[in-house]
**Student:** 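Got a structure for you, written out below as structure tokens; questions coming shortly.
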Amino acid sequence: TMATKLTNVASAPSATHHSKTAKIQAERLRALARAGRLDRDDLRNAAKGLPVRSRAVQVATRLGAFAGALVLDAAQKPSGNVLDVDVALDDVEDAEGVSGDVAREMRAQVEGAARRGQDPNRRKYRAKDAYRARQLLNLLVELGPAFVKVGQALSSRPDLVPPAYIDALSRLQDRMPSFPHEVAMQVVEEDLGRKVEDVFVDMPRRPIAAASLGQVYKAKLRSNGHTVAVKVQRPGMAESIAMDMYLVREAAAWIDENLEKVGGIVLEQQLAPLVEEFAARLFGELDYEQEADNAEKFEKLYGTLPRIRVPKVYRECLSTRVLVTEWINGSKLTDKKAMEARSLSVVDFVDVGIECTLRQLLDHGYFHADPHPGNLLAMSTGELCYLDFGVMSSAPENARYAIIAHVVHLVNRDYQAMAKDYYDLEFLDPSVDTSPLVPALANFFDSGVIDMGVDQLNFKALVDGLGEIFFQYPFRVPPYWALVLRSLTVLEGLAIYSDPEYKLLAKAYPYMAQRLLTDPEPTLRRSLEELVVKDGRFDVDRFEGLIENSKKSQSYDTEGFWLFLEWFLSPEGHRVREAFSKELAILLDDASYANTRNMVRNALKLILPAEEVESAVDSYLKLRKQESDKADQFARLFESAAEILVPNTTGTFSGTLNPENFLKFVQNSISTEQRKRLQMLAEHSDALNELAASISIEVITRFVARVTKLGLQVSEPTTGKARKK
């Protein structure tokens with residue numbers, strides 16, 4: 001049925017566009033692409049006059065055969081879990097279209113599952129899914145650039161594609177043989193309006209790289225002798241992609257309308273709008289003028305970050321099909337020999353890339369959405385250079401803050417809040433009930449996933465695990481998020497190639513900590529409160545961990561901590577301040593408790609044998625282990641804070657923890673300017689008086705309660721030796 005649909009979509013006879021007409025049409029499509037979406041009429045108009053009918057037959061035949069195999073696979077799957085090894089093995093033998101190697105792999109998995117007491121059918125069908133996924137990968141490559149791009153986009157959509165297909169499609173490579181040199185030079189001359197030799201010198205006959213949309217040469221500009229990269233688009237790409245995307249859009253519309261009727265499957269989101277968004281992004285890649293704008297915007301926003309480099313664009317040699325940029329001498333992060341020859345560390349450059357990606361996503365929301373190994377170069381200067389700005393994306397502001405809040409909720413294991421975060425992240429429609437999702441998240445994360453801490457999580461394992469949840473529930477992963485996941489997964493994969501123990505989240509957390517501590521945005525301040533205050537108690541260890549992690553961030557700046565202090569002493573910081581004062585009061589109370597024990601001990605030494613003193617003290621004032629633990633916690637916290645407020649100090653806090661000793665520690669290290677700033681902060685805030693009063697009241701309350709309890713213990717009737725003591 002779909003084949004018939006696709007072969008009837010073009011009523012006009014096949015024809016070939018005149019080159020001038022094709023160029024005008026391509027320009028119109030690029031303009032539409034900048035609007036963000038190409039609808040059905042746009043794509044149909046773009047495909048008019050092209051050999052759509054013959055292409056439709058080719059695509060429908062290949063994809064139809066594959067779809068038929070999937071339908072047969074689905075029909076063979078049992079409705080329940082049947083532990084029948086013989087049936088499962090018979091199915092392996094009878095499976096059509098399965099090679100001998102795959103059949104042997106499926107048999108081994110079935111037998112292994114049976115030995116472990118698992119359902120052999122489930123293992124068998126997982127193996128078959130993996131085989132079908134590899135078939136689809138090869139099929140997309142055969143169908144050409146547009147379908148390769150579709151496959152790459154699907155590889156980051158766990159809400160649409162099962163895990164086995166995600167793994168296979170993520171291996172799609174955007175490489176193709178180069179097109180003739182003469183054709184490339186003709187494109188250059190047509191677009192620039194000049195002879196090649198008038199613009200460039202030393203233009204080689206072979207490109208240094210070729211991909212699905214174009215190829216790149218290394219040459220020199222005649223005007224100034226600068227070495228440049230010359231990117232030339234394949235001729236006819238706009239027409240080819242217009243035709244294929246029209247067919248894909250028609251197929252998606254048919255699936256939207258008929259899948260429930262034919263297969264009883266209800267899609268949580270319509271496919272046709274997704275194809276329209278993707279088509280716009282793909283046509284955006286064909287617009288090299290837009291790519292030049294993207295590169296310059298990226299450089300303006302992130303070019304000043306430590307160790308980040310963006311090639312210069314030469315606008316005098318720019319057109320929609322020709323892009324000339326500064327040539328960058330560097331090594332691909334996957335080129336182990338080149339990296340070792342320059343004494344460069346892959347992990348070091350990945351660390352730079354991860355923080356830069358987070359800055360892109362969370363600072364301005366404008367990010368490079370295709371950082372595959374070929375688009376990242378390690379320079380001998382220590383800079384990480386980004387290339388190819390054809391695929392960019394933006395994250396809405398509310399989603400940026402929701403991402404950090406989501407991490408906080410994960411740290412707190414607050415799965416109910418995590419589920420509600422998906423509204424702000426635009427993963428779920430507000431009408432969807434999240435209550436069934438909470439136990440699914442709890443089952444995944446509490447199954448040992450985060451027992452070692454969030455910073456020890458493997459990012460790909462996390463994405464895969466959540467992907468299975470996304471596939472089972474009505475999620476709609478926004479395009480920006482799919483691209484973010486793809487970017488971070490690529491970076492982690494590069495690092496793991498060199499260091500199998502690499503943990504992306506451990507490298508990402510310092511930037512998150514720095515943002516939580518220093519960003520005055522109200523949403524992030526609420527997230528900070530949630531992280532360090534739980535059930536009214538201030539978590540000293542967690543707050544100290546935030547400070548220590550923030551120091552590891554490349555964007556670490558002590559100025560941000562002064563902003564935090566201002567907020568802490570402001571009315572908005574009341575809840576954190578109140579919890580902090582209670583925790584500090586407990587510490588002071590513990591200290592007074594310890595002093596009281598010493599006084600009682602010294603008094604009893606005068607009237608009791610030495611061997612009976614400790615038991616006598618413990619009978620009324622039992623030893624608290626927490627007093628020393630809490631003192632250590634606050635000592636570490638004060639030392640960490642002092643290192644930020646007094647960045648040049650080399651001392652460490654020692655001695656008994658009390659206000660007098662702490663003030664001496666600060667005064668011995670602090671500069672005159674810093675002392676004045678602290679004094680100004682204190683003079684312009686009533687919060688310090690409130691804080692001192694709160695601590696005093698809490699300490700006095702605890703002291704009175706202890707005296708009362710001690711008095712009641714002493715007044716209780718005792719006999720014999722106990723009364724004498």
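For the single chain, residues carry numbers from 1 onward in sequence order. Note that these values count all heavy atoms, side chains included, but never hydrogens, waters or copies made by symmetry.
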**Student:** Listed by chain and number, what are the side chain to side chain donor-acceptor pair (under 3.5 Å) partners of Asn412, not counting sequence neighbours?
**Tutor:** Arg542

**Student:** When rounded to the nearest 0.5 angstrom, what distance separates CG in Leu140 from NZ in Lys149?
**Tutor:** 13.0 Å

**Student:** Going by side chain to side chain contact (heavy atoms under 4.5 Å, CB included), name the residues that satisfy it together with Val432, two or more places apart in sequence or in a different chain.
**Tutor:** Leu428, Asp429, Pro474

**Student:** Could you check Cys356 against Leu384 for side chain to side chain contact (heavy atoms under 4.5 Å, CB included), going step by step and ending with a plain yes or no?
**Tutor:** CA-CA 10 Å; Cys356 184; Leu384 179 68; 5.8 Å; no

**Student:** Under the 3.5 angstrom rule, does the side chain of Asn549 hit a backbone N or O of Gly545 as a donor-acceptor pair?
**Tutor:**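 A pair under 3.5 Å: yes.
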
**Student:** Can you measure from CG (Asp499) to CD (Glu492) and round to the nearest 0.5 angstrom?
**Tutor:** 10.5 Å

**Student:** To the nearest 0.5 angstrom, please state how far the CG atom of Leu441 sits from the CD atom of Gln416.
**Tutor:** 11.0 Å

**Student:** If you round to the nearest 0.5 Å, how far is CG of Asp541 from CG of Leu546?
**Tutor:** 11.5 Å

**Student:** Tyr386 and Gly353: which non-hydrogen atoms are nearest, and at how many Å?
**Tutor:**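 Nearest pair, atom of Tyr386 first, then Gly353: OH-O, 3.7 Å.
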
**Student:** Taking atom types as modelled, is there a side-chain donor on Tyr302 or Asp363 under 3.5 Å from an acceptor on the other?
**Tutor:**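 Not at all, the side chains of Tyr302 and Asp363 share no donor-acceptor pair under 3.5 Å.
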
**Student:** Does some side-chain heavy atom of Gln135 sit less than 4.5 Å from a side-chain heavy atom of Tyr131?
**Tutor:** yes

**Student:** Side-chain contact, heavy-atom cut-off 4.5 Å: Leu517 with Trp567?
**Tutor:** no

**Student:** Check the pair Phe564 / Phe543 against ring-ring contact (aromatic ring centres under 6.0 Å, His included), numbers first and verdict last.
**Tutor:** CA-CA 12 Å; Phe564 165 77; Phe543 187 67; 5.4 Å; yes

**Student:** Where do Val540 and Glu583 come nearest, in terms of heavy atoms and distance?
**Tutor:** CG2-CG, 3.8 Å

**Student:** Go through the steps for Lys551 and Glu548 under the test salt bridge (Lys or Arg N to Asp or Glu O under 4.0 Å), then give the verdict.
**Tutor:** CA-CA 5 Å; Lys551 294 176 185 176; Glu548 289 302 311; 3.1 Å; yes

**Student:** Among residues at least two apart in sequence or on other chains, which ones pass side chain to side chain donor-acceptor pair (under 3.5 Å) with Glu530?
**Tutor:** His409

**Student:** What I'd like to find out is whether the side chain of Leu516 reaches to under 4.5 Å of the side chain of Val408, using heavy atoms alone.
**Tutor:** yes

**Student:** For Asn294 and Phe389, indicate whether the former's side chain and the latter's backbone hold a donor-acceptor pair under 3.5 Å.
**Tutor:**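 Checked: pair present.
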
**Student:** Given 3.5 Å as the limit, does a donor-acceptor pair link the side chain of Asp244 with the main chain of Tyr246, or not?
**Tutor:** no

**Student:** How would you list, by chain and number, every residue that makes a salt bridge (charged side-chain N to carboxylate O under 4.0 Å, His left out) with Arg577, sequence neighbours excluded?
**Tutor:**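 Counting only residues at least two positions away or on another chain, Arg577 forms a salt bridge (charged side-chain N to carboxylate O under 4.0 Å, His left out) with Glu690.
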
**Student:** In the structure I gave you, are the side-chain heavy atoms of Tyr422 and Thr434 within less than 4.5 Å of one another anywhere?
**Tutor:** no

**Student:** Do Glu285 and Arg281 pass the side chain to side chain contact (heavy atoms under 4.5 Å, CB included) test, and can you show the C-alpha distance, the side-chain angles, and the key distance before you say yes or no?
**Tutor:** CA-CA 7 Å; Glu285 283 193 69; Arg281 195 165 74 238; 5.6 Å; no

**Student:** For Asn375 and Asp370, indicate whether the former's side chain and the latter's backbone hold a donor-acceptor pair under 3.5 Å.
**Tutor:**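 Such a contact is found between Asn375 side chain and Asp370 backbone.
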
**Student:** For residues Tyr165 and Leu136, report the shortest heavy-atom separation together with the two atoms involved.
**Tutor:** CD2-CD2, 3.8 Å

**Student:** Do Phe580 and Val532 make a side-chain contact, defined as non-hydrogen atoms from C-beta onward lying under 4.5 Å apart?
**Tutor:** no

**Student:** Within 45° of the axis and under 6.0 Å from the centre of the six-membered ring of Tyr366, does NZ or CZ of Lys297 qualify?
**Tutor:**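 Pair Lys297/Tyr366 counts as cation-pi.
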
**Student:** Checking side chain to side chain contact (heavy atoms under 4.5 Å, CB included) for the pair Phe427/Asp421: CA distance, chi angles, key distance, verdict?
**Tutor:** CA-CA 9 Å; Phe427 281 29; Asp421 288 338; over 6 Å; no

**Student:** Starting at CG of Leu358, measure out to CD of Glu355 and round the result to the nearest 0.5 Å.
**Tutor:** 7.0 Å

**Student:** In chain order, what residues pass the side chain to side chain donor-acceptor pair (under 3.5 Å) check against Glu521, with sequence neighbours excluded?
**Tutor:**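 Once residues adjacent in sequence are excluded, the partners of Glu521 under the side chain to side chain donor-acceptor pair (under 3.5 Å) criterion are Thr523.
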
**Student:** Check whether any side-chain heavy atom of Lys503 lies under 4.5 Å from a side-chain heavy atom of Lys507, and answer yes or no.
**Tutor:**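 SC-SC contact between Lys503 and Lys507 ruled out.
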
**Student:** Thr518 and Leu563: which non-hydrogen atoms are nearest, and at how many Å?
**Tutor:**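 Looks like O-CD1, 4.1 Å.
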
**Student:** With side chain to side chain contact (heavy atoms under 4.5 Å, CB included) as the test, would you mind laying out the steps for Phe278 and Met245 before giving the verdict?
**Tutor:** CA-CA 9 Å; Phe278 176 75; Met245 293 313 300; 3.5 Å; yes

**Student:** Keeping the roles fixed (side chain from Arg400, backbone from Ala395), state whether a donor-acceptor pair exists under 3.5 Å.
**Tutor:** yes

**Student:** Between Glu572 and Arg525, is there a salt bridge with N-O shorter than 4.0 Å?
**Tutor:**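 Salt bridge absent between Arg525 and Glu572.
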
**Student:** What are the two closest heavy atoms between Met418 and Leu410, and how far apart are they?
**Tutor:**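 Minimum heavy-atom contact is SD-CA, 3.8 Å.
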
**Student:** For Asp351, check side chain to side chain donor-acceptor pair (under 3.5 Å) against everything at least two apart and list the hits.
**Tutor:** Tyr502

**Student:** For Ser550, is there any backbone N or O sitting under 3.5 Å from a side-chain donor or acceptor partner on Ser553?
**Tutor:**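 Absent.
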
**Student:** Less than 4.0 Å between a side-chain N and a carboxylate O, is that true for Glu426 and Arg476?
**Tutor:** no

**Student:** Is the closest side-chain heavy-atom distance between Gln360 and His368 below 4.5 Å?
**Tutor:** yes

**Student:** Between atom CE of Met392 and atom CZ of Phe367, what is the distance when rounded to the nearest 0.5 Å?
**Tutor:** 8.5 Å

**Student:** Heavy-atom distance under 4.5 Å between the side chains of Pro478 and Leu425, does that happen here?
**Tutor:**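 No - every pair of side-chain heavy atoms lies 4.5 Å or more apart.
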
**Student:** Looking at Ala495 and Val350, what are the two nearest heavy atoms and their distance?
**Tutor:**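 Result for this residue pair: CB-CG1, 3.8 Å.
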
